[in-house]
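Written below as structure tokens is the structure these notes are about.
Values reported hereafter were calculated over all heavy atoms of this structure, with side chains retained and with hydrogens, waters and symmetry mates removed.
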Amino acid sequence: LPLRFSYRNLFIAIATLVVLLMNRSFNLYISLGSGLLIAYIPFTKILHTDISNKIQKYYFKYYKGIFYTLTLTFGLGHLFNFNDLNFAHFLISPLILVNQIFMGFLLSYARVNYKYGLLEFSLKT
């Protein structure tokens with residue numbers, strides 16, 4: 001979602017991350033409630049236009065870094081699909097996850113460059 005800038009996409013992605021991180025430490029209802037509150041922020045007038053404009057300028061100024069960080073995080077996040085991980089697995093993780101990282105770049109490219117994302121990308125090829 002955050003590959004294309006909109007306040008809804010950004011806050012839904014942040015809310016999802018909060019739910020995933022809080023779910024390990026807190027009750028499911030607390031983590032879901034926190035996520036829903038964060039996802040609801042764009043539908044209210046909580047953010048002033050000055051803050052909103054600063055977020056948007058920052059986002060567009062550092063878009064390449066955001067793009068590559070999100071794409072690599074997508075691929076490296078799949079490392080936790082494996083059981084019994086030790087330190088050696090983390091050292092060779094780019095080799096283990098080359099397919100997921102490549103698919104992250106492919107899906108990100110389709111999301112950014114095509115209006116309907118992967119659906120449009122698959123229809124053109």
Side-chain angles (χ1 to χ4, degrees):
L1 281 176
L3 288 174
R4 283 193 186 162
F5 182 79
S6 79
Y7 293 110
R8 265 186 298 144
N9 289 351
L10 182 63
F11 280 95
I12 289 172
I14 292 171
T16 304
L17 184 63
V18 165
V19 169
L20 290 173
L21 293 176
M22 286 183 68
N23 195 24
R24 300 225 183 242
S25 302
F26 295 99
N27 182 326
L28 175 65
Y29 298 113
I30 293 173
S31 60
L32 284 176
S34 302
L36 287 173
L37 284 174
I38 293 171
Y40 186 68
I41 290 173
F43 300 104
T44 64
K45 298 294 181 189
I46 292 174
L47 287 178
H48 298 290
T49 55
D50 295 339
I51 296 170
S52 301
N53 290 338
K54 286 181 182 178
I55 292 171
Q56 190 172 8
K57 285 180 185 176
Y58 179 85
Y59 193 86
F60 288 121
K61 182 177 181 181
Y62 297 107
Y63 183 74
K64 284 184 181 181
I66 292 169
F67 177 85
Y68 289 117
T69 301
L70 288 172
T71 304
L72 288 173
T73 304
F74 171 81
L76 294 174
H78 285 86
L79 182 63
F80 298 102
N81 291 345
F82 299 102
N83 295 326
D84 299 326
L85 295 175
N86 59 30
F87 186 69
H89 290 110
F90 288 102
L91 291 176
I92 61 169
S93 62
L95 296 175
I96 296 172
L97 301 172
V98 70
N99 291 334
Q100 287 86 349
I101 293 171
F102 177 75
M103 282 305 296
F105 279 108
L106 183 66
L107 294 172
S108 297
Y109 175 82
R111 169 82 173 130
V112 171
N113 290 314
Y114 296 102
K115 181 178 179 181
Y116 298 109
L118 193 59
L119 178 65
E120 185 178 348
F121 179 73
S122 63
L123 293 175
K124 287 191 174 192
T125 56

[atom1]/[X] to [atom2]/[Y] distance, rounded to the nearest 0.5 angstrom?
X      : Y      : atom1 : atom2 : value
Ile92  : Leu97  : CD1   : CG    : 9.5 Å
Leu106 : Asn99  : CG    : CG    : 12.0 Å
Asn9   : Ile14  : CG    : CD1   : 11.0 Å
Leu107 : Arg111 : CG    : CZ    : 11.0 Å
Asn113 : Leu3   : CG    : CG    : 10.5 Å

With [X] via ring pair (Phe, Tyr, Trp, His ring centres under 6.0 Å) - residues at least two apart:
X     : answer
Tyr62 : Tyr58
Tyr29 : none
Tyr68 : Phe105
Phe26 : none

* List, by chain and number, the other hydrophobic cluster members for Leu28, where Ile, Leu, Val, Met, Phe, Trp and Tyr join if side-chain heavy atoms come within less than 4.5 Å, directly or indirectly. =>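 Grouped by the 4.5 Å side-chain rule, Val19, Leu32 form the rest of the cluster around Leu28.
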* Same cluster (ILVMFWY, side-chain, under 4.5 Å), Phe60 and Val112 ->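 Yes; Val112 is reachable from Phe60 via cluster members.
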* To do: Anything under 30° is parallel, anything over 60° is perpendicular, the rest tilted; go ahead and classify Phe67 against Tyr63.
  =>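 Judged by the thresholds at 30° and 60°, the geometry between Phe67 and Tyr63 is tilted.
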* Grab the two heavy atoms, one from Ile101 and one from Thr71, that are nearest each other, plus how far apart they are. =>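 So the minimum-distance heavy-atom pair works out to O-CG2, 4.3 Å.
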* Which atom pair, heavy atoms only, marks the closest approach of Ala15 to Gly35? ->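 Shortest heavy-atom separation between Ala15 and Gly35 comes out as CB-O, 3.1 Å.
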* With Ser34, which residues qualify under side-chain contact (heavy atoms from CB on, under 4.5 Å), at least two apart? ->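 Ser34 satisfies side-chain contact (heavy atoms from CB on, under 4.5 Å) with Val18, Met22, Ile30 once adjacent residues are dropped.
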* Do Leu10 and Ile55 have side-chain heavy atoms sitting under 4.5 Å apart? ->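 A side-chain contact exists here, since the closest heavy-atom pair is under 4.5 Å.
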